[in-house]
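Following: one structure in structure tokens, then a few remarks.
Each chain gets a letter, A, B and so on, in the order its sequence line appears, and its residues count up from 1.
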Number of protein chains: 2
Amino acid sequence: MPKPEVDPTVSLDLSVDRSSPVPLYFQLSQQLEAAIEHGALTPGSLLGNEIELAARLGLSRPTVRQAIQSLVDKGLLVRRRGVGTQVVHSKVRRPLELSSLFDDLEAAGQRPATKVLVNTVVPAPAEIAAALGVAEDSEVHRIERLRLTHGEPMAYLCNYLPPGLVDLDTGQLEATGLYRLMRAAGITLHSARQSIGARAATTSEAERLGEDAGAPLLTMERTTFDDTGRAVEFGTHTYRPSRYSFEFQLLVRP
Amino acid sequence: MPKPEVDPTVSLDLSVDRSSPVPLYFQLSQQLEAAIEHGALTPGSLLGNEIELAARLGLSRPTVRQAIQSLVDKGLLVRRRGVGTQVVHSKVRRPLELSSLFDDLEAAGQRPATKVLVNTVVPAPAEIAAALGVAEDSEVHRIERLRLTHGEPMAYLCNYLPPGLVDLDTGQLEATGLYRLMRAAGITLHSARQSIGARAATTSEAERLGEDAGAPLLTMERTTFDDTGRAVEFGTHTYRPSRYSFEFQLLVRP
DNA sequence: TCAATGCGTATGTCCGGACAATCGAACTAC
DNA sequence: GTAGTTCGATTGTCCGGACATACGCATTGA
């Protein structure tokens, strides 16, 4: 007969600093997340009821709930009415984020390099104008980049940006990623509409990426919006499927 | 000189039914979402401050905040301290959900058809056993399906499931999607780890999908977890890129 | 033996209030 | 005229309590 699946309640030492400007619920959620990451809270273990937890920390229940809720939203915890809150099993981590290729590679220790092929201003073609929500033939930035790892080309990136948003210095573009430049320019990235497909490489694409003509390529088209809903970037990317694939984690919206 | 970008506060008739079992915050958020979808709340318009809104509806501010917060989480609204809450510009809609190919096609009016090629029980190969978190060579379900639209093959789906979770009737598999069967069996889908790539079709793959050998294929590998973190499904899918691409919307986690 | 009932427990929902932090605009001083 | 300041408006955070609802388990009944 298998053992019962619910681990016992775990008790660990949590504390909050009321003099800190960091919100209390955030302090708590960070400590809980660290405990989960660190293994102090094992998958399946119960978190102990909210009332008692609040009392132990000298917080109110709404504050504790807010901390727990943020972790539920991240997919780290599951609440069950009448049962309690428990840590999700398995190595289900890292929800899907609006990811930057540059950051992804750097996080993977790949030391990405970028070669800027084009950095200019052009009149917007119809399709790009529609995606960015600007007038056709109005001026937009156009940058083309080759992203390399270990000296080998990995992706070809073509991006369009509305004018005046960010200063596109070629040197900076080669040193860091586009998203970092945009964030540094005070743009709050909010959401993106993506489309991922595949197709056979044309001759020029193949040449750029060091593949044979007709080889399969992974393609991605993306329009990125800031927090007011303005389109701030449109890009078409092609990846060498032998060197890159999209990996992400989805959460079901309740 | 351009006009100021912030539209005036919009006032519309909202109401809640206290006798309904539907939570008040949910009633409100649904009405607001409908107003946004319907166009009564135009992009950029301010929602009016929370206090006054609460008073007008006879609700408390926390309840109103909960309603608004749920729409902020969905990406429909933006809060700005000292300014107010406004509707996001643009047609930024539909966040990314853990999607079912079957449902996606049906929503697109494609009338999907499914042909079950294999529906059997096999000893789990090492890779599948690891993904599902079961012992190697323990028994797992294996189903292979061909998904067609307009009589043409569109995708080849190979899935593995742990035993005992859901009753895999071939007739039902041809009539509906796997996720629907799982939900109907009481499984609460929670998250999935996906990997999307591309490669050239092998001879047998090409034959199955009606492509030429060497043609580019879009590939997807997915492990799905339920709300306790158990793996409940592992699948490898191949799509004809001329007939399918992945489209989704990402939200940035604040 | 097995099903129906009741109870404790935990989360879900909701209230009303308080103060802090931040933004934008009007205002003031130079 | 311009720069800095003040101030009103609005969301952000937090409290303490109340009742509703659902789940799991033990008890009871057939």
Side-chain angles (χ1 to χ4, degrees), chain A residues 4-11 16-30 32 44-73 77-87 186 188 227-228 254, chain B residues 4-11 16-30 32 44-73 77-87 186 188 227-228 254:
Chain A
E5 301 218 352
V6 179
D7 294 6
T9 301
V10 174
S11 141
V16 292
D17 175 9
R18 298 199 86 99
S19 68
S20 161
V22 178
L24 301 177
Y25 76 90
F26 192 75
Q27 292 184 38
L28 178 53
S29 73
Q30 279 197 320
L32 290 174
S45 59
L46 286 170
L47 204 57
N49 80 57
E50 299 168 349
I51 315 260
E52 189 259 342
L53 189 55
R56 215 171 71 207
L57 289 166
L59 298 173
S60 69
R61 184 155 85 113
T63 302
V64 172
R65 276 181 69 79
Q66 194 174 359
I68 292 176
Q69 187 58 47
S70 73
L71 297 181
V72 172
D73 290 340
L77 297 177
V78 191
R79 320 179 87 133
R80 292 178 190 283
R81 187 189 299 209
V83 179
T85 304
Q86 50 183 313
V87 181
T188 310
D227 56 0
T228 69
Chain B
E5 302 219 350
V6 178
D7 294 5
T9 301
V10 174
S11 146
V16 292
D17 175 10
R18 299 198 85 98
S19 69
S20 161
V22 178
L24 300 177
Y25 77 90
F26 192 74
Q27 292 184 38
L28 178 54
S29 74
Q30 278 196 320
L32 290 174
S45 59
L46 286 170
L47 205 57
N49 79 57
E50 299 167 348
I51 315 262
E52 190 258 344
L53 189 56
R56 216 172 71 208
L57 288 165
L59 297 173
S60 69
R61 182 155 89 113
T63 302
V64 172
R65 276 181 68 79
Q66 195 174 357
I68 292 176
Q69 187 58 47
S70 73
L71 297 181
V72 171
D73 290 340
L77 298 177
V78 192
R79 321 180 88 135
R80 292 178 189 283
R81 188 189 302 210
V83 179
T85 305
Q86 50 184 317
V87 181
T188 310
D227 57 0
T228 69

Just the rounded figure in Å: distance from [atom2] of [N] to [atom1] of [X].
X: B:Asn49; N: D:dG12; atom1: CG; atom2: C1'; result: 14 Å
X: A:Arg81; N: D:dC19; atom1: CZ; atom2: P; result: 17 Å
X: B:Tyr25; N: D:dA20; atom1: OH; atom2: P; result: 18 Å
X: B:Leu46; N: D:dT11; atom1: CG; atom2: C1'; result: 12 Å
X: B:Ile51; N: D:dG12; atom1: CD1; atom2: C1'; result: 11 Å
X: A:Gln86; N: D:dG24; atom1: CD; atom2: P; result: 10 Å

Compare every heavy atom of A:Ser29 with every heavy atom of A:Ala67, then report the nearest pair and how far apart it is. O-CB, 3.6 Å

Before giving the answer on side-chain contact (heavy atoms from CB on, under 4.5 Å), spell out for B:Leu57 and B:Thr63 the whole-Å C-alpha distance, their side-chain angles and the decisive distance to 0.1 Å. CA-CA 10 Å; B:Leu57 288 165; B:Thr63 302; over 6 Å; no

Which is more 5' along DNA chain D, the nucleotide nearest B:Pro21 or the one nearest A:Pro23? Just name the residue. A:Pro23

With rounding to the nearest 0.5 Å, note down the distance linking [atom1] in [X] to [atom2] in [Y].
X: A:Arg79; Y: A:Arg65; atom1: CZ; atom2: CZ; answer: 4.0 Å
X: A:Gln66; Y: A:Ile68; atom1: CD; atom2: CD1; answer: 11.5 Å
X: B:Thr85; Y: B:Leu77; atom1: OG1; atom2: CG; answer: 7.0 Å
X: B:Leu47; Y: B:Leu32; atom1: CG; atom2: CG; answer: 5.5 Å
X: A:Leu53; Y: A:Leu59; atom1: CG; atom2: CG; answer: 8.0 Å

For DNA chain C, note the earliest and the latest nucleotide, 5' to 3', having some atom under 4.0 Å of a heavy atom belonging to chain B. C:dT13 to C:dG24

Which residues, if any, of residues 57-65 of chain B bring a heavy atom under 4.0 Å of DNA chain D? B:Arg61, B:Arg65

Distance-only donor-acceptor hits, side chain of residues 19-26 of chain B, under 3.5 Å, sequence neighbours excluded:
from: B:Ser19; atom 1: OG; to: B:Asp17; atom 2: OD1; distance (Å): 2.7
from: B:Ser19; atom 1: OG; to: B:Asp17; atom 2: OD2; distance (Å): 3.4
from: B:Ser20; atom 1: OG; to: B:Val22; atom 2: N; distance (Å): 2.9

